[in-house]
Amino acid sequence: MNIDPVVKALASIAKPAASLVINQAQRNETVVRTLKQFNFDPAQPPKDVDSVYIYSLIEYGVDKPEAMLNLFREREIKNAFWSAYTANNPLGFVKEVEKFLQGNDLEFDIRLKRIELRAELEEFGEIFINVAKRSKSKDFEPFPEWNLDEYPREFKSLIKEKIRSFCGRQFVFDAFKQFCDKNRSGYFTVVGDAGMGKSAIAAKYVWNNKSPCYFNIRSDGRNRPELFLESIRKQLIKRYQLQNAEKANLADLLEQVSNKIPVIERLVIVVDALDEVEQEAGGNLLDLPTALPEHVYFLLTRRPYTIDKKRLSAPDIPVEELDLRGSQYVNLSREDIKEYIRFFLNDDPDYKNAIRQWIQNRNISDEDFVEQVATKSENNFMYLRYVLPGIAKGDYNDLSLKELPAGLQDYYQVHWQHMGMDEKPQEVKVFILFILVEIGTPIPCEMIAAIAEQDEYDVEVVLDEWVEYLKPQNIEGENCYSIYHASFLDFLKAKRVLDSKRKLFQEVNQRIADYLIGEMA
């Protein structure tokens, strides 16, 4: 079958300008329609390699940049893909694609569109494998492990989300480089309040350098020493082809790695959110070694802490901190904040038009908007992450620029009041949020409804209203929810403390206890 008409058809499909949910639904309809246009059965893929390749290109290619469609149309790319597939060598495919693109006009197009090539090659490969499995043809077995990234799959979506609109912070990376240049090994910690961009800094470093990493996430229960060790162990074994290391502790792993690192190279392990670690008293957090081999460095992030909670003792190796709250960094952080606002105003494909319309309706100049929102943010990126999309979505159509909330906690409080959460009829909403606070880990909607003694549909409506603050995820077939950001969790906990005498909040714990007793009976 000729692939050219397929690429032409895919290139002619316009991207729907609707919400994410509608986009996905429309995209699925377009995929089915295009498959039928070329006489494919949407329910049953073909069995031969050439047809599966085209079938996969259709599933992949709807709404994709034309440069990527043209790349997959090339016979050399198709042959390189199949060779890598049968050899279970996805990184070999990347190298062949990069070699093919050198000096090619497609390379310029891909760079111009700022396409993440590896991400696209990985997505196509994963779709091909899925189609191959559905074809039920033995010719595609064994199915390869198609992971092109050197960071773990469990953190891939988090890293991509964090770097999507990343701006600035070069002074942090420069300081870390200077630390590594003057020391043979060591721990470098970035300290900052919630919303100051610590996780984004960690994600950006990992993305740029493909460093081994671990992101502690309390809401997922992914914040224990044993989980950290298991993940880092797998990453180091894969990266350095370590032998007989499946049960090695971190200190032993690093010693093995140090023997394999060339003199001119370094191993940097990135660990985010030490403050979210749950661990018994005694020893370093995550059992980080008290000594490190040469050429081994840790880039850590955490919130401000008291000395009794530091739990990072390394008496014989360099330890340095960069506190984002420091007076020497205030102006640098403000410039990064302003760059971030300009990104939303000028470049963000989802929000720029609506934000620009909002400021035009109020006769505000671009620079006034940038300056005043930067001031209100108090150098807090998370504030901007909420307020700027909120402006675009019309949440502040009844406010002037000066009336926008100031600071992250003020933002939470304004939104709390805007939702009428202190009013009597809204008590059930408060009740549901505090169930999430008290449970602390992802729980299904059915369980929330049972504890709150509410209809499951009504609970889903409440959760949808607060979706930007919650993290929905599918766990063993159930839709579960948890508080997304630690700063919002802190805000809710403060509410609980301030209102601890109210019967409503006392009742939350009692209902949870009654539910758990009932489940155990």
Side-chain angles (χ1 to χ4, degrees), residues 1-13 23-101 106 110 115-150 152-154 156-157 234 238 474 476-477:
M1 179 179 179
N2 190 351
I3 199 172
D4 290 341
V6 175
V7 171
K8 184 176 180 181
L10 291 171
S12 69
I13 297 172
N23 274 346
Q24 188 58 46
Q26 291 182 347
R27 188 184 192 283
N28 293 341
E29 292 176 4
T30 304
V31 168
V32 169
R33 185 169 61 250
T34 308
L35 286 171
K36 290 180 177 178
Q37 177 183 343
F38 291 97
N39 300 318
F40 288 118
D41 182 353
Q44 179 57 56
K47 295 182 180 297
D48 64 287
V49 174
D50 288 345
S51 297
V52 166
Y53 186 86
I54 295 174
Y55 193 107
S56 303
L57 184 60
I58 293 173
E59 286 202 2
Y60 160 84
V62 172
D63 295 343
K64 288 296 184 180
E66 190 170 354
M68 290 306 303
L69 300 176
N70 288 331
L71 177 68
F72 284 114
R73 175 171 59 183
E74 298 290 343
R75 178 167 294 278
E76 294 96 323
I77 299 302
K78 176 187 169 187
N79 292 340
F81 173 80
W82 183 243
S83 296
Y85 181 99
T86 54
N88 193 10
N89 183 24
L91 292 178
F93 178 52
V94 175
K95 292 178 181 178
E96 288 299 316
V97 170
E98 291 173 343
K99 180 180 176 181
F100 174 84
L101 287 174
L106 277 175
I110 290 171
I115 296 169
E116 292 289 349
L117 182 61
R118 278 196 175 208
E120 297 299 328
L121 298 180
E122 180 171 80
E123 182 179 345
F124 176 81
E126 289 174 341
I127 289 174
F128 184 96
I129 292 170
N130 181 268
V131 173
K133 289 178 179 178
R134 285 155 44 205
S135 76
K136 298 179 181 179
S137 170
K138 298 292 185 181
D139 293 343
F140 297 100
E141 298 180 9
F143 302 110
E145 177 68 26
W146 201 263
N147 184 10
L148 304 186
D149 296 313
E150 295 178 39
R153 189 180 296 273
E154 61 190 305
K156 187 178 299 181
S157 60
K234 287 180 180 178
K238 177 182 178 181
N474 189 284
E476 296 181 355

A.B. asks: Taking atom CD of Glu59 and atom CG of Asn28, what is their separation to the nearest 0.5 Å?
C.D. replies: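 Atom-to-atom, Glu59:CD and Asn28:CG are 9.0 Å apart.
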A.B. asks: Which heavy atom of Ala9 sits nearest a heavy atom of Ser12, and at what distance?
C.D. replies: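 Smallest heavy-atom distance, with atoms named: O-OG, 2.7 Å.
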A.B. asks: Are any of the side-chain heavy atoms of Lys64 and Phe72 separated by less than 4.5 Å?
C.D. replies: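 No, side chains not in contact.
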A.B. asks: Taking all non-hydrogen atoms of both residues into account, name the closest pair between Pro90 and Glu145 and its distance.
C.D. replies: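 Of all heavy-atom pairs spanning Pro90 and Glu145, the closest is CG-O, 3.6 Å.
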A.B. asks: Going through the checks in order, is the side-chain contact (heavy atoms from CB on, under 4.5 Å) test met by Phe40 and Ser51?
C.D. replies: CA-CA 9 Å; Phe40 288 118; Ser51 297; 4.2 Å; yes
A.B. asks: Assess whether ring-ring contact (aromatic ring centres under 6.0 Å, His included) is satisfied between Phe124 and Tyr53, documenting all intermediate values.
C.D. replies: CA-CA 10 Å; Phe124 176 81; Tyr53 186 86; 5.3 Å; yes
A.B. asks: Identify whether the distance between the nearest side-chain nitrogen and carboxylate oxygen of Lys234 and Glu154 falls below 4.0 Å.
C.D. replies: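 No.
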A.B. asks: May I ask you to decide if Ala132's main-chain N or O and Ser135's side chain share a donor-acceptor pair within less than 3.5 Å?
C.D. replies: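 The answer is yes, because a donor-acceptor pair under 3.5 Å joins these two groups.
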A.B. asks: What do you reckon, is CD of Glu66 surrounded by more than 12 foreign heavy atoms closer than 6.0 Å?
C.D. replies: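 Open.
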A.B. asks: Working to the nearest 0.5 Å, report the span between CH2 of Trp82 and CZ of Phe93.
C.D. replies: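 Here the interatomic distance stands at 13.0 Å.
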A.B. asks: Side-chain contact test, heavy atoms from C-beta onward, threshold under 4.5 Å: evaluate it for Asn79 versus Glu76 and give yes or no.
C.D. replies: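 A side-chain contact under 4.5 Å is absent here.
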A.B. asks: Identify the heavy atoms of Lys47 and Ser137 that sit nearest to each other, and give their distance.
C.D. replies: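 Scanning both residues, the minimum pair turns out to be O-OG, 3.7 Å.
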A.B. asks: side-chain contact (heavy atoms from CB on, under 4.5 Å) between Leu101 and Glu98: does it pass, once the steps are laid out?
C.D. replies: CA-CA 5 Å; Leu101 287 174; Glu98 291 173 343; 5.8 Å; no
A.B. asks: Would you call Lys156 and Glu122 a salt bridge, using N to O less than 4.0 angstrom?
C.D. replies: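 Here Lys156 pairs with Glu122 in a salt bridge, since their nearest N and O are under 4.0 Å apart.
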A.B. asks: Can you tell me how far the CZ atom of Phe38 sits from the CG atom of Leu10, to the nearest 0.5 Å?
C.D. replies: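 Those atoms lie 7.0 Å apart.
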A.B. asks: Atom CD of Glu141 and atom NZ of Lys136: how far apart are they, to the nearest 0.5 Å?
C.D. replies: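 Answer for the CD-NZ pair, Glu141 versus Lys136, is 12.5 Å.
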A.B. asks: Apply side-chain contact (heavy atoms from CB on, under 4.5 Å) to residues Val49 and Asp139 and explain how you reach the verdict.
C.D. replies: CA-CA 8 Å; Val49 174; Asp139 293 343; 5.6 Å; no
A.B. asks: Enter the distance from Asp50:CG to Lys78:NZ here, rounded to the nearest 0.5 Å.
C.D. replies: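 So the CG of Asp50 and the NZ of Lys78 are separated by 3.0 Å.
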A.B. asks: Looking only at non-hydrogen atoms, find the nearest pair between Asn2 and Asp4 and report the distance.
C.D. replies: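 Here Asn2 and Asp4 meet closest at OD1-N, 3.0 Å.
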A.B. asks: Between Phe81 and Tyr85, what is the ring plane arrangement, given parallel below 30°, perpendicular above 60°, and tilted in between?
C.D. replies: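 The rings of Phe81 and Tyr85 sit tilted, inter-plane angle from 30° to 60°.
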A.B. asks: Rounded to the nearest 0.5 Å, what separates atom CG in Leu106 from atom CG in Leu69?
C.D. replies: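 Taking CG in Leu106 and CG in Leu69, the distance rounds to 10.5 Å.
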A.B. asks: More than 12 non-hydrogen atoms from neighbouring residues, nucleotides or ligands closer than 6.0 Å to NZ on Lys99, yes or no?
C.D. replies: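 12 or below, so no.
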A.B. asks: Under the side-chain contact (heavy atoms from CB on, under 4.5 Å) criterion, do Leu117 and Met68 qualify, and how do the steps go?
C.D. replies: CA-CA 9 Å; Leu117 182 61; Met68 290 306 303; 4.1 Å; yes
A.B. asks: Locate the shortest heavy-atom distance separating Tyr55 from Pro45; write the atom from each residue and the value.
C.D. replies: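 Smallest heavy-atom distance, with atoms named: CE1-CA, 3.7 Å.
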A.B. asks: Which heavy atom in Ile129 sits nearest to a heavy atom in Pro144, and how many Å separate them?
C.D. replies: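 Shortest heavy-atom separation between Ile129 and Pro144 comes out as CD1-O, 3.6 Å.
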